[in-house]
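Read through the structure below, which is laid out as C-alpha cells, and then see the notes.
For the numbers below, each heavy atom of this structure counts, side chains included, while hydrogens, waters and symmetry mates do not.
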Amino acid sequence: EDDAGSVRVTLDRELAVFAPPAALWAREEPLVREALGTAAYRESACVVEVKHRAALPSWLEDALADVGARTSDYSKFRVASQALHGVVST
C-alpha cells in the first residue's frame with residue numbers, strides 16, 4: 001500500500017480453501033494448513049490483486065503490462081464459497 005492509501009497490491013500464491021474445522025471458535029490451536037485436512041479447492045494460478053482510488057503509478061502499469069496481467073472479476077470469497085458448497089472442485 002502506498003503512503004496515501006490510494007494503491008494496494010497483494011500477491012497470493014498457493015491459495016487453498018478448507019472447510020472450517022469443528023469447534024472453530026473454541027479452538028486454541030493455530031489454524032495452520034497441516035491441521036485443516038484436505039483442501040476443498042486449490043488455486044493453480046498466482047493471484048495479483050490491485051486496488052486503487054486513483055490512476056496507477058506508471059511503474060505498476062508497466063509491470064502489469066510486462067507480465068500480461070488483465071482485469072478479471074475473480075473473487076477469492078466467491079471461489080471459496082463455491083468450493084465449500086460443491087460448485088467448484090479441485
Side-chain angles (χ1 to χ4, degrees):
E1 186 167 338
D2 68 358
D3 291 337
S6 61
V7 177
R8 184 179 78 191
V9 179
T10 57
L11 177 69
D12 293 305
R13 295 178 32 215
E14 300 180 14
L15 283 172
V17 176
F18 297 88
L24 173 63
W25 305 112
R27 300 178 58 95
E28 293 184 18
E29 302 84 17
L31 288 174
V32 294
R33 188 176 288 224
E34 297 77 21
L36 295 174
T38 302
Y41 176 78
R42 291 185 187 277
E43 178 58 66
S44 60
C46 181
V47 178
V48 178
E49 182 178 48
V50 179
K51 293 187 178 182
H52 57 97
R53 293 185 216 159
L56 292 177
S58 60
W59 65 265
L60 181 54
E61 282 185 344
D62 293 344
L64 294 170
D66 287 349
V67 297
R70 65 192 188 305
T71 301
S72 170
D73 66 349
Y74 180 91
S75 164
K76 293 180 279 189
F77 177 80
R78 185 176 60 235
V79 168
S81 296
Q82 290 173 338
L84 292 176
H85 292 283
V87 179
V88 174
S89 60
T90 55

Minimum heavy-atom separation for Ser81 and His85, please, with both atom names.
O-CD2, 2.9 Å
Can you get from Tyr41 to Leu36 by hopping between Ile, Leu, Val, Met, Phe, Trp and Tyr side chains that sit under 4.5 Å apart?
no
Under the side chain to side chain contact (heavy atoms under 4.5 Å, CB included) rule, collect the residues that match up with Pro57, sequence neighbours excluded.
Val7, Trp59, Leu60
Please list, chain by chain and in numerical order, all residues satisfying side chain to side chain contact (heavy atoms under 4.5 Å, CB included) with Ala63, sequence neighbours excluded.
none
For Glu49, give me all partners under side-chain hydrogen bond (donor to acceptor under 3.5 Å, both in side chains), at least two apart in sequence or on another chain.
Thr10
Which pair of heavy atoms, one from Val17 and one from Ala83, lies closest together, and at what distance?
CG1-CB, 4.2 Å
Using a 4.5 Å side-chain heavy-atom cut-off and chaining through intermediate ILVMFWY residues, the residues clustered with Val32 come out as none
What is the minimum heavy-atom distance between Leu84 and Ala40, and which atoms define it?
CD2-CB, 4.0 Å
Any side-chain hydrogen bond (donor to acceptor under 3.5 Å, both in side chains) involving residues 21-38? Give me the pairs, sequence neighbours left out, ordered by first then second residue.
none
Please table the atom pairs, donor to acceptor, closer than 3.5 Å between any side-chain atom in residues 67-77 and protein atoms at least two apart or in another chain.
unit_1 : atom_1 : unit_2 : atom_2 : d
Ser72  : OG     : Tyr74  : N      : 3.0
Tyr74  : OH     : Glu43  : OE1    : 3.0
Ser75  : OG     : Phe77  : N      : 3.4
Ser75  : OG     : Arg78  : N      : 3.0
Lys76  : NZ     : Asp12  : OD2    : 2.8

